[in-house]
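Worksheet for the structure shown next.
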There are 2 protein chains.
Amino acid sequence: MPRTQEQYEAMRTATRNKIHSAAIKLFAKKGFAAASVKDIAENAGISIGLMYRHYKTKGDLFNELISYAAEGLEAIVTRFQSDESPIELIRQFTLEILDDLNNDDEIAEFYMLMNQSLSMEEPSFQIQDLNKQSDAMLNQTIRLIEKGQKYNQFKQGNASEMAFYFLASIQGLMMIKLTMGERFETPSLKIVTGFLIRDGHD
Amino acid sequence: MPRTQEQYEAMRTATRNKIHSAAIKLFAKKGFAAASVKDIAENAGISIGLMYRHYKTKGDLFNELISYAAEGLEAIVTRFQSDESPIELIRQFTLEILDDLNNDDEIAEFYMLMNQSLSMEEPSFQIQDLNKQSDAMLNQTIRLIEKGQKYNQFKQGNASEMAFYFLASIQGLMMIKLTMGERFETPSLKIVTGFLIRDGHD
DNA sequence: ATAATGAATGAATATATTTTCATTATAAAA
DNA sequence: TTTTATAATGAAAATATATTCATTCATTAT
């Protein structure tokens, strides 16, 4: 008998991870269509053939990443629905985002996938699911802002507009972080939540 | 003799306009690689062959749009360098952006082109020029914020961070506007400039 | 009517990208 | 050293997309 099950398993996991890292980086930076399979394989340091041993098509690989993104987003939506104080929820969420930005986690890349999936024709069911989560995220953000306004933690104003602005600013930060790389400077919590959190509360 | 010079000229201009509208819409929405020539021609209501009578390659068409974007951006950079009051410059600029967003002008589309061109390998000289303008825009925004802080029109804080945040929020609004379409609600000037403009000044 | 001019078409060709698959490499056990 | 199970390779086939070009169409002056 050759290698053990565990050894093979470990090998497969290792190459899968290499593929993931390369793919998310390239899909985020160039978009699904512009990121070629050759590109991804080269970045992952493997052959094209091996890629196809792990994923039936390029689309399947994309879908797997999309479903990770959907999971992450779902967790956030769930937290937004909890009974915690709106101001604390927003603060924690924003801090985590800014932290991930600073630590070069893959958060920016995942956000770019999210965005791409919103304008794809013939979306896979994974993409459809992610899009549902994006929608839920928007709705829960609006709800949370309204709640915070009721508690007088947040500034008054049109909650929908505020939610669009909040999510847009985060999305924009991800985008600029990706395109600028090193030069990017993560703004402070105060700057990012200033439009929302009342002055007494920060 | 057949048609007059002017008539031919008018015909060519008309189809060029059709190509422009279709191309900017599709390039912005799907990205350069994912927007196919067939797509663009169909959207413009013309044949593929006619497209190629007007542009030698798909890249040439993209470059022409990019150079328009660069022109627009250059005008903004120049205005930011004027002697006008920082608070007025920022207000005017932001109002124009928000206005364009409301009127479904092509502004959002142009911003997406800008972003794409920042992460293209082997950039054409048009793309390189646009990227230079993007860089200048960032620098002038930082300068303008510092100036406004000196005049006590703007809130204190790290000017670079504030500039990144400001540009990111605008970029993000464009992006979300494009993906959400009808549902999008343009935030007010107050929301968008709240992090920057001191309370006395609005 | 016909000729002349340039716009417009789309099937054919060239090119690029994705996908397959026959083959090779690797490590462990017999 | 041979066998075995599976990972890994990359050239070839299939597919998709960009580009070319011979042909048709539309309009106007003769």
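Keep in mind that what you see is a predicted model, and the values were worked out from it rather than measured. Sequence lines set the chain letters: A, B, ... in the order given, protein chains first and strands last, and positions in each chain run from 1.
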Tell me: NZ of B/Lys38 to P of C/dA11, nearest whole Å?
->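 Interatomic distance, NZ of B/Lys38 to P of C/dA11: 11 Å.
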To the nearest Å, how far apart are B/Ile46 CD1 and D/dC25 P?
->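 Rounded to whole Å, this separation is 18 Å.
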Write out the stems for DNA chain D, ordered by first number and formatted as range with range, counting runs of at least 3 consecutive Watson-Crick or G-U wobble pairs under 3.5 Å.
->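 The stems that DNA chain D takes part in, listed by first number, are C:1-30 with D:1-30.
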Name each donor-acceptor pair under 3.5 Å that joins a side chain in residues 174-182 of chain B to protein atoms two or more places apart or in another chain, with its distance.
unit_1: B/Lys177; atom_1: NZ; unit_2: B/Leu101; atom_2: O; d: 2.9
unit_1: B/Lys177; atom_1: NZ; unit_2: B/Asp104; atom_2: OD1; d: 2.5
unit_1: B/Thr179; atom_1: OG1; unit_2: B/Met175; atom_2: O; d: 3.2
unit_1: B/Thr179; atom_1: OG1; unit_2: B/Ile176; atom_2: O; d: 3.2

A/Ser47 side chain: which of C/dT19, D/dT9, C/dG10 is closest?
->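 Minimum distance to the A/Ser47 side chain belongs to D/dT9.
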ring-ring contact (aromatic ring centres under 6.0 Å, His included) partners of [range], not counting sequence neighbours, each pair once:
| range | value |
| --- | --- |
| residues 5-25 of chain B | B/His20-B/Tyr68 |
| residues 127-148 of chain B | none |
| residues 29-64 of chain A | A/Phe27-A/Phe32, A/Phe27-A/Phe62, A/Phe32-A/Phe62 |

Name all residues meeting the ring-ring contact (aromatic ring centres under 6.0 Å, His included) criterion together with B/Phe164; count only those two or more places apart in sequence or in a different chain, and write none if there are none.
->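 B/Phe164 satisfies ring-ring contact (aromatic ring centres under 6.0 Å, His included) with A/Phe184 only.
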Under 3.5 Å, is there a donor-acceptor pair between the A/Asn158 and B/Ser188 side chains?
->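 No, because no side-chain N or O of A/Asn158 sits under 3.5 Å from a partner of the opposite role on B/Ser188.
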Can you pull the salt bridge (Lys or Arg N to Asp or Glu O under 4.0 Å) pairs that have at least one residue in [range], sequence neighbours excluded?
| range | value |
| --- | --- |
| residues 73-86 of chain B | B/Arg79-B/Glu96 |
| residues 131-151 of chain B | A/Arg183-B/Asp135 |
| residues 56-73 of chain A | A/Arg16-A/Glu64 |
| residues 27-38 of chain A | A/Lys30-A/Asp39, A/Lys30-B/Glu121 |

Check each residue of residues 48-63 of chain B for a non-hydrogen atom within less than 4.0 Å of any atom in DNA chain C, then write out the ones that pass by number, or none.
->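 Heavy-atom cutoff 4.0 Å gives B/Gly49, B/Leu50, B/Arg53.
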Stretch residues 4-22 of chain B: residues that reach within less than 4.0 Å of DNA chain D through a heavy atom |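 DNA chain D contact set from residues 4-22 of chain B: B/Gln7.
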